[in-house]
**Student:** 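Dropping a structure here in structure tokens format, bear with me for questions.
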Amino acid sequence: MEKDIFKGFKEYSVAEFFKKNRQMLGFSGKIRSLTTIVHEYVTNSLDACGEAGIHPEIEVWVDEIEKNEKYLVRVRDNGPGIPEKHLGKALGMMLAGTKFHRYVQQRGQQGIGAAGCTMYSLVTTGQPVKVVSKHGGVKLSCSLGIDFKANQPVLSERQVEECPPEEHGLDVEGVFGDTKYENSLQGVREYLKRTAIVNPHAAIIFNSPEKERMEYPKSVEELPERATEVKPHPLGIRPNDLLDLAGKVKGYTKLSALLQNEFTRVSLNKVKELQDLLPDVDLGMNPAKLSWGDAEKIVGAFGKVKWIAPATDSVIPIGKEQVEKSLRNILNPELVYVTGRPPKIYRGGIPFIVEVGIAYGGDIKSEGKGGVVMRFANRAPLLFDTGGCAITQTAKNVDWKRYEIKNFDEEPVAILVNVASVHIPYTSAGKQSIASEDDVVEEIRNAMMEAGRHVQKHLSGKRREREKSTKRKAIMRYVGQLSSDMAELAGNAEAEALKSRLTGMIEERFE
Ligand SMILES: Nc1ncnc2c1ncn2[C@@H]1O[C@H](COP(=O)(O)OP(=O)(O)OP(=O)(O)O)[C@@H](O)[C@H]1O
Ligand SMILES: [Mg+2]
């Protein structure tokens, strides 16, 4: 019997897995799939420029090949490009890249995005993507596909030329089926507009299938502060992370040395403390020998030791001024308030920061944008999976009535929330919504309430103004009559003089 069951036993590669489960990468629904493709390429461009210290200039084209079915997407940047040695794997191998193994705040973190797009092109149109990379004086043009069984890149039509070293960047183009372009809140156009809002240092151009050209020039000169790379904190990791590190990082013969050098806040004393808590695990063991059971015990002991919190300089916010400027530019509101809160820590070891900008009144209502929540993670817009996102849920749970916003969905109010972290707790590999980690939810909530209080101050000020002016008008209505009646009563008084004195008194009272 058993023999029959296991006849069909096979191994699969990660590429085959994602080919079957493409919705996990954001490829579900035609509109979303198209936005996902643009999102993956554009976030890569912004990350690459950020690392290379370049002002990003990104141009995006979406062309219709077959209406509501097949579109060509091209993204060109002026980043560092990719050297030939890494090009294939960067765009044609799942779980390969420069970010996954590092603790640094970037938009990408998994090493799947670009290869996921190559996969989508292959499975929906059978075509590889075309790539031109200029790097270090070499211009490499090629087509890239994936061998799904082996999760290996397939490079063809390779052409190499020299190019001036000052020319650099990546230009990727693919034809994608099962896609649809729509000018909606979840479409490419809105995606790029929101990207421009939170990346005022970047110049972004969008050429739409309707032959419209939208330009978002850079509006600030300074590049965002470079995020520093950090080491993981013991409280921020799980047993499989520890196993991963132990397997990947070479050059240690003792686990205790790896713990001290590859983690932050682990000193020799802390290692001793850990060893006392772990009588049956030898921290002097070779890291290659670490078993799941031991990793679990060690992570358990991490939770019992008192640690200094991790340094928080690894998280970089967009900044109060820039968010304020952006919100004023696009929404032309009556009031803008942006929080400037310090970083916090979730799961005890992962630093993050929450920025909330709130805009009220002005053009917001006239554009029919009442109650908008714009979500961002490390400056990348999140347009899908709204319901399951910690930001949306928290916004729903805040008692906005306390802040004089009676009906959030209908009032002229817009909120921008950016969560920045070395490790954003996404709910899935599609990276469109943030998981409800308690500490993150609490901080979003506090930041929203802080923003709410400012709106309340503004609105109650306005309300008091209104009440005063109604009262003043009501009293003023009687001044004329009152002064002539009093002048008559007094016999010789001048009605005009009385009127002006009374008016003066009222003005002073209701100033
Ligand atoms: N435009 C680009 N310029 C330079 N390097 C790039 C560019 N796009 C991708 N890369 C390189 O290719 C790697 C793989 O990109 P990919 O999008 O697959 O993964 P990632 O960005 O690391 O993580 P994620 O899956 O979260 O997007 C990146 O880590 C980066 O090293
Ligand atoms: Mg990426």
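One-based numbering, in listed order, for ligands and for the atoms of each.
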**Student:** Could you work out, with side chain to side chain donor-acceptor pair (under 3.5 Å) as the rule, every residue matching D178, not counting sequence neighbours?
**Tutor:** R22
**Student:** Listed by chain and number, what are the side chain to side chain donor-acceptor pair (under 3.5 Å) partners of K344, not counting sequence neighbours?
**Tutor:** E443
**Student:** For G81, is at least one N or O under 3.5 Å away from an N or O on ligand 1?
**Tutor:** no
**Student:** Taking only non-hydrogen atoms of K431, do any sit less than 4.0 angstrom from ligand 1?
**Tutor:**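 Within the 4.0 Å threshold, so yes.
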**Student:** Once you measure the plane-to-plane angle for Y41 and F176, does it fall in the parallel (<30°), tilted (30-60°) or perpendicular (>60°) bin?
**Tutor:** tilted
**Student:** List ligand 1 atoms under 4.0 Å from L170, heavy atoms only on the residue side.
**Tutor:** 1 (N), 2 (C), 7 (C)
**Student:** Is K325 salt-bridged to E321, going by a charged N under 4.0 Å from an acidic O?
**Tutor:**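 No, no charged N to carboxylate O under 4.0 Å.
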**Student:** Thinking salt bridges, do D63 and K211 make one under a 4.0 Å N-O criterion?
**Tutor:**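 Here D63 pairs with K211 in a salt bridge, since their nearest N and O are under 4.0 Å apart.
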**Student:** Could you tell me, atom by atom, which parts of ligand 1 come under 4.0 Å of a heavy atom of A48?
**Tutor:** 2 (C), 3 (N), 4 (C)
**Student:** What atoms in ligand 1 come closer than 4.0 Å to a heavy atom of E40?
**Tutor:**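 Here the atoms of ligand 1 in question are 27 (O).
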**Student:** Minimum distance, heavy atoms only, to atom 25 (O) of ligand 1: which one of I58, I424, I112 is it?
**Tutor:** I112
**Student:** Please find out if less than 6.0 Å separates the ring center of H39 from that of Y191.
**Tutor:** yes
**Student:** Does T43 bring an N, O or S atom to within less than 2.8 Å of the Mg ion (ligand 2)?
**Tutor:**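 T43 does not place any N, O or S atom closer than 2.8 Å to the Mg ion (ligand 2).
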**Student:** With only distance considered, is D47 within less than 3.5 Å of ligand 1 through an N or O on each side?
**Tutor:** no
**Student:** Show which atoms of ligand 1 fall inside a sub-4.0 Å distance from at least one heavy-atom site of I82.
**Tutor:** 4 (C), 5 (N), 6 (C), 7 (C), 10 (N), 11 (C)
**Student:** Measure the acute angle between the ring planes of Y71 and Y181, then classify it against the limits of 30° and 60° as parallel, tilted or perpendicular.
**Tutor:** tilted
